[in-house]
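Computed from a predicted model, the values in this text were never measured in an experiment.
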Amino acid sequence: DDLRAAARGLLLAKPADLWRDEHRNGVSRALAEAVCGEDMQGGRDFAATAQNEYEGFVLEVVSTLLERAGGPGAVDGVVLAGGCGLNVRANQRVFDELGA
(Lines give C-alpha, C1' and ligand atoms only; values in the text may rest on other atoms or scores of the structure.)
Protein backbone atom coordinates (compact mmCIF):
# COMPACT_ATOMS: atom_id res chain seq x y z
CA ASP A 1 0.00 0.00 0.00
CA ASP A 2 1.09 3.62 -0.57
CA LEU A 3 1.76 4.43 3.08
CA ARG A 4 3.99 1.40 3.53
CA ALA A 5 5.96 2.13 0.35
CA ALA A 6 6.38 5.75 1.43
CA ALA A 7 7.67 4.74 4.85
CA ARG A 8 10.18 2.31 3.35
CA GLY A 9 11.30 4.94 0.84
CA LEU A 10 11.99 7.40 3.63
CA LEU A 11 13.89 4.83 5.68
CA LEU A 12 16.25 4.16 2.80
CA ALA A 13 16.57 7.80 1.71
CA LYS A 14 19.60 10.01 2.00
CA PRO A 15 18.62 13.33 3.64
CA ALA A 16 19.88 15.37 0.69
CA ASP A 17 17.61 13.44 -1.68
CA LEU A 18 14.35 14.15 0.15
CA TRP A 19 11.83 16.55 -1.38
CA ARG A 20 14.03 17.96 -4.09
CA ASP A 21 11.49 17.23 -6.83
CA GLU A 22 7.83 16.23 -7.10
CA HIS A 23 8.74 12.60 -6.40
CA ARG A 24 11.62 11.36 -4.33
CA ASN A 25 12.31 7.79 -3.21
CA GLY A 26 8.82 6.73 -4.26
CA VAL A 27 7.15 9.37 -2.07
CA SER A 28 5.07 11.93 -3.88
CA ARG A 29 4.69 15.44 -2.56
CA ALA A 30 0.90 14.91 -2.57
CA LEU A 31 1.27 11.91 -0.24
CA ALA A 32 3.57 13.88 2.05
CA GLU A 33 1.07 16.73 2.19
CA ALA A 34 -1.75 14.28 2.94
CA VAL A 35 0.26 12.76 5.77
CA CYS A 36 1.42 16.08 7.17
CA GLY A 37 -1.79 17.99 6.57
CA GLU A 38 -4.21 19.41 9.12
CA ASP A 39 -5.61 16.00 10.10
CA MET A 40 -3.29 14.57 12.76
CA GLN A 41 -4.51 11.02 12.14
CA GLY A 42 -2.65 10.88 8.82
CA GLY A 43 0.58 11.71 10.63
CA ARG A 44 -0.13 9.10 13.29
CA ASP A 45 -0.84 6.46 10.67
CA PHE A 46 2.35 7.33 8.81
CA ALA A 47 4.44 7.26 12.00
CA ALA A 48 3.03 3.85 12.96
CA THR A 49 3.68 2.51 9.47
CA ALA A 50 7.22 3.90 9.43
CA GLN A 51 7.89 2.34 12.84
CA ASN A 52 6.60 -1.04 11.66
CA GLU A 53 8.71 -0.87 8.48
CA TYR A 54 11.78 0.11 10.50
CA GLU A 55 11.27 -2.82 12.87
CA GLY A 56 11.01 -5.20 9.92
CA PHE A 57 14.14 -3.70 8.39
CA VAL A 58 16.10 -4.12 11.64
CA LEU A 59 14.88 -7.70 12.04
CA GLU A 60 15.98 -8.50 8.49
CA VAL A 61 19.45 -7.01 8.98
CA VAL A 62 20.06 -8.58 12.41
CA SER A 63 18.72 -11.94 11.24
CA THR A 64 21.06 -11.93 8.24
CA LEU A 65 24.05 -11.02 10.40
CA LEU A 66 23.19 -13.73 12.93
CA GLU A 67 22.96 -16.32 10.15
CA ARG A 68 26.40 -15.27 8.90
CA ALA A 69 27.77 -15.59 12.43
CA GLY A 70 26.44 -19.14 12.78
CA GLY A 71 23.04 -18.47 14.32
CA PRO A 72 21.80 -16.89 17.55
CA GLY A 73 23.55 -19.53 19.65
CA ALA A 74 26.93 -18.61 18.19
CA VAL A 75 26.96 -15.13 19.75
CA ASP A 76 26.54 -13.85 23.30
CA GLY A 77 24.13 -11.13 22.20
CA VAL A 78 23.51 -8.31 19.78
CA VAL A 79 24.35 -4.66 20.39
CA LEU A 80 22.69 -1.94 18.34
CA ALA A 81 24.34 1.47 18.58
CA GLY A 82 23.57 5.02 17.57
CA GLY A 83 20.22 6.71 17.32
CA CYS A 84 18.58 3.67 15.73
CA GLY A 85 19.81 1.55 18.63
CA LEU A 86 17.64 3.65 20.96
CA ASN A 87 14.42 2.45 19.31
CA VAL A 88 12.92 0.46 22.18
CA ARG A 89 10.19 -1.22 20.12
CA ALA A 90 12.66 -2.43 17.49
CA ASN A 91 15.05 -3.69 20.18
CA GLN A 92 12.22 -5.58 21.87
CA ARG A 93 11.19 -7.23 18.58
CA VAL A 94 14.78 -8.31 17.92
CA PHE A 95 14.92 -9.84 21.40
CA ASP A 96 11.46 -11.45 21.19
CA GLU A 97 11.69 -12.80 17.64
CA LEU A 98 15.36 -13.65 17.32
CA GLY A 99 16.31 -14.34 20.91
CA ALA A 100 19.25 -11.99 20.49
Side-chain angles (χ1 to χ4, degrees):
D1 102 303
D2 287 344
L3 202 55
R4 190 172 184 176
R8 193 153 211 26
L10 288 174
L11 283 173
L12 301 175
K14 295 177 187 167
D17 290 339
L18 293 173
W19 311 122
R20 196 176 295 160
D21 298 317
E22 180 62 25
H23 291 86
R24 186 58 62 191
N25 295 316
V27 181
S28 72
R29 189 174 299 275
L31 178 59
E33 288 172 359
V35 167
C36 301
E38 293 179 26
D39 178 16
M40 290 182 65
Q41 188 59 45
R44 289 183 186 119
D45 291 345
F46 184 79
T49 301
Q51 175 67 34
N52 190 46
E53 285 298 305
Y54 173 73
E55 291 171 21
F57 179 75
V58 169
L59 282 169
E60 185 178 312
V61 169
V62 172
S63 178
T64 299
L65 292 173
L66 283 173
E67 286 176 20
R68 289 182 182 177
V75 297
D76 292 333
V78 172
V79 176
L80 302 174
C84 294
L86 297 174
N87 190 309
V88 174
R89 285 191 54 192
N91 292 340
Q92 189 64 51
R93 279 192 63 190
V94 167
F95 181 80
D96 290 347
E97 296 184 28
L98 301 177

Do you know which of Thr64, Leu59, Leu65 makes side-chain contact (heavy atoms from CB on, under 4.5 Å) with Val61?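 For Val61, the side-chain contact (heavy atoms from CB on, under 4.5 Å) test succeeds with only one of Thr64, Leu59, Leu65, which is Leu65.
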Tell me the closest heavy-atom pair linking Ala69 and Ala74, and the distance in Å.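 So the minimum-distance heavy-atom pair works out to O-CB, 3.3 Å.
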Between Gln51 and Asn87, is there a side-chain donor-acceptor contact under 3.5 Å, judged purely by atom types and distance?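 Indeed, the side chains of Asn87 and Gln51 share at least one donor-acceptor pair under 3.5 Å.
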Spacing of [X] atom [atom1] and [Y] atom [atom2] [to the nearest 0.5 Å]:
X: Leu86; Y: Leu80; atom1: CG; atom2: CG; value: 10.0 Å
X: Glu55; Y: Glu60; atom1: CD; atom2: CD; value: 14.0 Å
X: Asp96; Y: Arg89; atom1: CG; atom2: CZ; value: 11.5 Å

Can you confirm whether Ser63 sits close enough to Leu98 that some side-chain heavy atom of one is under 4.5 Å from a side-chain heavy atom of the other?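 The answer is yes, as the side chains (C-beta and beyond) meet within the 4.5 Å cut-off.
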